[in-house]
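Only one structure is covered here, and it is reproduced in the block below.
From a predicted model like this one, the values you see are computed outputs, not experimental measurements.
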Amino acid sequence: MADVILEHVYKRYGPKAVVVKDFNLHIADREFMVFVGPSGCGKSTTLRMIAGLEDISDGIVKIGGRVVNDVPPKDRDIAMVFQNYALYPHMNVYDNMAFGLKLRKMPKEEIDRRVRDAAKILQMEHLLQRKPKELSGGQRQRVAMGRAIVREPKVFLMDEPLSNLDAKLRVEMRSQISQLHRRLGATIVYVTHDQVEAMTLGNRIVVLRDGIIMQCDTPMNLYDFPATKFVAGFIGSPSMNFMTAKVQGGEFVLGENRIAPMGKLGQSLRAYEGQEVLMGIRPEHIGVPGLTDIPDGVNHMRGTIVVVEPLGAQTDLIVEVAGQSLTVKVDGQALVSPGDSIDLVVNQTRLHAFDISTEQAIDRGTPTGTRGQADTLGLGYEYPGQAQQTAMPATAQSV
């Protein structure tokens with residue numbers, strides 16, 4: 001396997017159409033790196049530049065220490081899995097998986113070994129003689145992955161491979177991809193617009209917006225310590241609540257409600273005394289007395305229920321507080337109705353704040369785990385010279 005390094009990479013389709021801007025990233029050997037972001041953010045374009053399917057306008061891409069800017073895709077020692085399976089309909093599973101190896105004129109014995117080893121890893125040995133039309137969507141995607149595995153590449157590139165599957169199959173395939181990564185010890189770069197896939201699969205996640213890295217970090221650091229309002233709103237489901245609040249005495253003031261953050265955030269807010277900021281709180285960090293367990297250290301707010309969304313295992317409530325709406329996630333079934341007045345409790349340790357003009361996070365403490373130190377992800381390596389990557393629009397982000 002190999003690491004992948006992108007240094008000051010740009011992709012332009014014209015003087016004004018810059019879709020990837022000053023992209024800097026070090027993907028370590030055996031790491032599972034996920035690119036996530038809304039449609040049009042440049043994640044697939046970046047993946048295709050790594051693969052050699054798109055020309056690089058500026059910058060350098062290295063795979064395994066070798067600059068590959070001018071290396072054809074077939075010589076980069078990568079394998080790509082797309083969202084459309086691209087299987088040959090007239091060939092059975094075995095021949096679909098073996099086709100690329102036959103083109104390389106590999107010995108039949110070696111082809112047979114690789115195909116059967118990949119089929120065993122993907123638990124589809126019983127499917128080798130079937131044609132694609134006889135397979136389910138999940139099985140076809142496994143064949144596409146098997147076709148990549150048999151090549152034994154340095155890097156796997158996956159571009160939204162689960163987007164054509166239904167919800168149940170996506171969950172199953174997510175589990176299989178995670179197990180595949182552990183078994184192969186592979187370097188995987190994975191593109192998705194689904195933040196649940198990103199959170200459950202990635203060792204680290206790159207959150208992209210308009211071709212710019214907004215933040216690169218571990219899944220839980222993105223969840224607990226988002227660098228910008230965009231990252232905070234993109235990671236988590238339902239998304240984080242944002243409410244405009246005035247700062248008084250290091251506390252948030254929303255109408256008659258005063259919310260006091262605990263820890264460093266309260267100190268950081270004093271620089272905004274008398275100003276308005278965006279208070280952020282995730283729906284799962286707001287409780288309802290009698291319906292949820294209330295942690296130590298809470299502040300109370302009063303609100304009016306606007307919408308009740310029963311989801312079985314949980315109930316989402318849309319509540320109006322001081323003229324602003326927020327979502328509250330309650331476990332189980334809540335016997336409440338629109339129009340009810342409700343008491344809410346806010347976990348003071350899980351509050352966030354963002355500057356209204358820059359949308360940058362106001363400091364609330366240090367994330368767990370510091371990149372640049374050895375073995376951050378338990379993979380036994382260091383990130384050479386990697387600095388913390390957080391929301392640096394349009395400026396160089398060195399790695």
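No salt bridge links Asp3 with Lys62; every basic N to acidic carboxylate O contact stays at or beyond 4.0 Å. Electrostatic pairing of Asp112 and Lys108 does not count as a salt bridge here, judged by no charged N lying under 4.0 Å from a carboxylate O.
To the nearest 0.5 Å, the span separating CD1 on Ile121 from CE on Met124 amounts to 10.0 Å. Interatomic distance, Arg182 CZ to Phe32 CZ, rounded to the nearest 0.5 Å: 11.0 Å. Atom CG in Leu222 sits 5.0 Å away from atom CD in Gln215 (nearest 0.5 Å). To the nearest 0.5 Å, atoms CG (Asp363) and CG (Leu269) are separated by 10.5 Å. Residue Gln141 holds its CD atom at 8.0 Å from OG of Ser163, rounded to the nearest 0.5 Å. Taken to the nearest 0.5 Å, the CG atom of Leu6 stands 7.5 Å off from the CE atom of Met49.
Open room surrounds CG on Asp55; 12 or fewer heavy atoms of other groups in view lie less than 6.0 Å from it. The neighbour count for Asp70 CG, taken as heavy atoms of other residues, nucleotides or ligands under 6.0 Å away, does not exceed 12. With a 6.0 Å radius and a threshold of 12 heavy atoms from other residues, nucleotides or ligands, Leu335 has its CG atom at or below the threshold. In this structure, Lys74 places its NZ atom where only 12 or fewer heavy-atom neighbours from other residues, nucleotides or ligands lie under 6.0 Å away.
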| Leu135 vs Arg142, side chain to side chain contact (heavy atoms under 4.5 Å, CB included): CA-CA, chis, key distance, verdict | CA-CA 10 Å; Leu135 304 176; Arg142 276 191 281 167; over 6 Å; no
| task | Go through the steps to decide whether Glu172 and Lys168 satisfy the test side chain to side chain contact (heavy atoms under 4.5 Å, CB included), and finish with yes or no. | result | CA-CA 7 Å; Glu172 292 177 2; Lys168 183 179 179 181; 3.6 Å; yes
| field | Arg114/Glu110 under salt bridge (charged side-chain N to carboxylate O under 4.0 Å, His left out): CA gap, chis, key distance, verdict | value | CA-CA 6 Å; Arg114 291 194 184 192; Glu110 179 65 12; 2.9 Å; yes
| said: side chain to side chain contact (heavy atoms under 4.5 Å, CB included) for Val319 and Val321? Distances and angles first, verdict last. | reply: CA-CA 6 Å; Val319 181; Val321 176; 4.0 Å; yes
| said: Quick one, Val71 with Arg66, criterion side chain to side chain contact (heavy atoms under 4.5 Å, CB included). Give me CA distance, side-chain angles, the key distance, then yes/no. | reply: CA-CA 10 Å; Val71 176; Arg66 178 177 66 146; 4.1 Å; yes
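With no hydrogens or angles considered, a side-chain donor-acceptor pair links Tyr190 and Glu197 at under 3.5 Å. Counted by atom type alone, Asp58 and His8 present zero donor-acceptor pairs between their side chains at under 3.5 Å. A donor atom on one side chain and an acceptor atom on the other are not found under 3.5 Å apart for Ser44 and Arg48. In the model, Gln248 has a side-chain atom that pairs as donor or acceptor with a side-chain atom of Arg258 under 3.5 Å. A donor atom on one side chain and an acceptor atom on the other are not found under 3.5 Å apart for Gln360 and Asp355.
Asp29 places a side-chain N or O within donor-acceptor distance of the main-chain N or O of Ala2, the cut-off being under 3.5 Å. For the pair Glu54 (side chain) and Thr46 (backbone), a donor-acceptor distance under 3.5 Å is absent. A side-chain donor-acceptor contact under 3.5 Å links Arg76 to the backbone of Val68.
Grouping the Ile, Leu, Val, Met, Phe, Trp and Tyr side chains by contacts below 4.5 angstrom, directly or via other members, places Val306 apart from Met243. Under a hydrophobic-cluster definition in which Ile, Leu, Val, Met, Phe, Trp and Tyr are linked whenever side-chain heavy atoms come within less than 4.5 Å, directly or via other members, Tyr88 and Val150 are assigned to different clusters. A continuous path of hydrophobic side-chain contacts links Ile177 to Leu184 [ILVMFWY only; heavy atoms under 4.5 Å]. Cluster membership check: Leu169 shares its hydrophobic cluster with Tyr85, using side-chain heavy-atom separations under 4.5 Å among Ile, Leu, Val, Met, Phe, Trp and Tyr. Residues Ile259 and Ile342 fall within the same hydrophobic cluster, defined by Ile, Leu, Val, Met, Phe, Trp and Tyr side chains chained together at heavy-atom separations under 4.5 Å.
When all heavy atoms are compared, the tightest approach of Asn347 to Ile281 is O-CD1, 4.2 Å. Scanning all heavy atoms of the two residues, the minimum distance from Thr192 to Glu160 falls at CA-CG, 4.0 Å.
Just one residue in the list Met97, Gln129, Arg130 forms a side chain to side chain contact (heavy atoms under 4.5 Å, CB included) with Asn92, and that residue is Gln129.
For the pair Arg270 and Tyr272, the cation-pi test (distance below 6.0 Å, angle within 45°) is failed. Seen from the ring of Tyr223, Arg282 counts as a face-on cation partner, given the 6.0 Å and 45° thresholds.
Ring orientation note: the planes of Phe354 and Phe242 are nearly perpendicular, at an angle over 60° on the 30°/60° scale.
Ring centroid separation for the pair Phe35 and Phe23 comes in under the 6.0 Å cut-off.
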